[in-house]
There are 2 protein chains.
Amino acid sequence: MISQTEENYLKALWNLTSTKGEASVNELSKQLDIKMPTVNSMMKRLAEKGLVNYESYKPLKLTDKGKKLAALIIRKHRLTEMYLVEKMGFGWEEVHDIAEQIEHIQSPAFFEKMDELLGYPKIDPHGSPIPDKNGKVETEQYIRYIKLSDCKEGDTVTFMAVSHSSDELLKFLNSRDLALGSKIKVKSIEPFDESMTVSYASRKAEMLSNKVCDKLLVRPV
Amino acid sequence: MISQTEENYLKALWNLTSTKGEASVNELSKQLDIKMPTVNSMMKRLAEKGLVNYESYKPLKLTDKGKKLAALIIRKHRLTEMYLVEKMGFGWEEVHDIAEQIEHIQSPAFFEKMDELLGYPKIDPHGSPIPDKNGKVETEQYIRYIKLSDCKEGDTVTFMAVSHSSDELLKFLNSRDLALGSKIKVKSIEPFDESMTVSYASRKAEMLSNKVCDKLLVRPV
DNA sequence: GTAATAAGTTAGATGATTCTAACAAAATCA
DNA sequence: TGATTTTGTTAGAATCATCTAACTTATTAC
Ligand SMILES: [Mn+2]
Ligand SMILES: [Mn+2]
Ligand SMILES: [Mn+2]
Ligand SMILES: [Mn+2]
């Protein structure tokens, strides 16, 4: 009914529209590394299938049906990442590319079993919420997270999630023993480049660039 | 490099050629439920890639390269089936369709991890040998297996594998508590239809049709 | 050993997914 | 406001994977 390719477009659009509610053909093109004319015709196709609202020269939006379908693919992606980390012993920096493929497996029983073996987790290994079986996402807490880069000197926060994590960032965090759940205290902020010196666990003083702090989502303690 | 579609052709050809060493376009067409002209042009394509020996009107053969590649896909299929049964709690009748999809995942680390978690199994849940990382298959024992239907009254044998298992057969075996490893004694054979009455474990007298006995591979005790 | 049947091949078409080139509309700059 | 740049669209082509129709070669039946 819906191809692997179409699923990837839907998922990318879901991710892009999660904040602003809409996205441009250009953004989607860059996200997927697929040329604009290709994206354009795919959007028309998904509009035919009732998954996307497409009007010439207007921003793209997912329909309710499209949102739900996308969320169910994201669900499979995040459940898989959690399974790979919790049950197979992979590091959080290794799982995204595998999940990118396994998310397309057609077998409700397979993901049902994963969910069950994991004890119905609510978040993935990077702290992102796992949509439920109806495609509903628990945003309540998640939207309250703030960036570490928006914290002030003296703040103490809990490290809750990594946003748009790349392998490199996750490996960097590994090298500094900075894991989800860590209590981070902002010791000082360098005015010149906004880099932070923070302490957490056994680390007394670690310097984190603004580029890093911008990706770390935290919750005030 | 090689598509999911091409992988499925290779695998089907590997299975068909395992006995006779060669197969016809017609057989492959039936196996895959794809029309002959389609199969014909795919064989030319795989020949271009050095995976199949194709000559007009001659039987199809895999090249050494094709054999190895096919065996490595079969390896992924069988490791997956074993993982699903041993680590996720699926029944042996549920895993083939899921493995049919997961066998195409491109991630050496993923299958490496499965193999490790399973303790480097030599056979899959249906008793078929799992090719090693070089595509070599341990046929030594496997080729010595005989069909239960070829046994005589009074023979006692061990149930080692199911050949070309369908869901239905596996569910039937479940319903009779007939599992791999069972010691089966042939009590009598009905001359009219060659159905067997056998005993094993706590089952004193079970009737098995010739069609069933033909699929059960056993080893004399 | 011909006639009928089965198997294999060629040709041409279709839908999916991608591209480049060219053009049109919208947004930004001056 | 008019010129320039960016974004979006249309047109046309390529590759992959599939099909049907028509033809050819091989096998089987009488
Ligand atoms: Mn991911
Ligand atoms: Mn994907
Ligand atoms: Mn199987
Ligand atoms: Mn397959």
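Chain identifiers are assigned alphabetically (A, B, ...) following the order of the sequence lines, protein sequences preceding nucleic acid strands; residue numbering begins at 1 within each chain.
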Would you tabulate the pairs of protein nitrogen or oxygen atoms and nucleotide nitrogen or oxygen atoms of nucleotides 17-22 of chain D closer than 3.5 angstrom?
from    : atom 1 : to       : atom 2 : distance (Å)
dA17(D) : OP1    : Ser3(B)  : OG     : 2.7
dA17(D) : OP2    : Arg45(B) : NH1    : 2.3
dA17(D) : OP2    : Arg45(B) : NH2    : 2.3
dT18(D) : OP2    : Tyr9(B)  : OH     : 3.1
dC19(D) : OP2    : Lys35(B) : N      : 3.1
dC19(D) : OP2    : Thr38(B) : OG1    : 2.9

Taking only N/O atoms, report every protein-nucleotides 23-25 of chain D pair under 3.5 Å with atom names and distance.
from    : atom 1 : to       : atom 2 : distance (Å)
dT25(D) : O4'    : Tyr57(B) : OH     : 3.4

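- Here the shortest heavy-atom pairing between Leu72(B) and Lys133(B) reads CD2-O, 3.3 Å.
- With a 6.0 Å radius and a threshold of 12 heavy atoms from other residues, nucleotides or ligands, Lys49(A) has its NZ atom above the threshold.
- Contact annotation for Ser24(A): backbone-only contact, meaning every heavy-atom pair under 4.0 Å involves sugar-phosphate atoms and none involves a base.
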Please output the side-chain donor-acceptor pairs of residues 50-61 of chain A that fall under 3.5 Å, not counting sequence neighbours, one pair per line with the distance.
from     : atom 1 : to       : atom 2 : distance (Å)
Tyr54(A) : OH     : Asn40(A) : ND2    : 3.4

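- Between Lys152(B) and Asp155(B) there is a salt bridge, since a side-chain N of the basic residue sits under 4.0 Å from a carboxylate O of the acidic one.
- If you measure from atom CG of Asn8(A) to atom C1' of dA16(C), you get 15 Å, rounded to the nearest angstrom.
- For the 3.5 Å distance criterion, the side chains of His104(B) and Glu7(B) qualify, holding a donor opposite an acceptor.
- Of the charged side-chain nitrogens involved, none lies within less than 4.0 Å of a carboxylate oxygen, so that Asp132(A) and Lys122(A) do not count as a salt-bridged pair.
- Among all heavy-atom pairs drawn from Leu173(A) and Phe159(A), the shortest one is CD1-CZ, 4.1 Å.
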Donor-acceptor pairs are to be reported for all side-chain atoms of residues 25-32 of chain A against protein atoms at under 3.5 Å, with residues two or more places apart or in another chain.
from     : atom 1 : to       : atom 2 : distance (Å)
Asn26(A) : OD1    : Lys30(A) : NZ     : 2.9
Glu27(A) : OE1    : Ser24(A) : N      : 2.7
Glu27(A) : OE1    : Ser24(A) : OG     : 3.2
Glu27(A) : OE2    : Lys20(A) : NZ     : 2.8
Ser29(A) : OG     : Ile34(A) : O      : 2.6

Between the protein and nucleotides 27-29 of chain C, are there any N/O to N/O pairs under 3.5 Å, and if so, what are the atom names and distances?
none

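- Rounded to whole Å, atom P of dT18(C) lies 11 Å from atom CE of Met43(A).
- In terms of heavy-atom proximity, Leu84(B) sits nearest to Ala99(B) at CD1-N, 4.5 Å.
- Under the 3.5 Å distance criterion, the side-chain polar atoms of Glu153(A) are matched with a main-chain donor or acceptor of Ile189(A).
- Scored by the side-chain contact (heavy atoms from CB on, under 4.5 Å) test, His126(B) finds Glu81(B), Trp92(B), Val95(B), Asp124(B), Ser165(B), Leu170(B) as partners (sequence neighbours excluded).
- Applying the 4.0 Å criterion to OP1 and OP2 of dA26(D), one finds that Lys58(B) has every side-chain N and O outside that range.
- In this structure, the CD atom of Glu48(B) is 15 Å from the C1' atom of dC16(D), given to the nearest Å.
- Rounded to whole Å, the distance from CD on Glu55(A) to P on dT7(D) is 21 Å.
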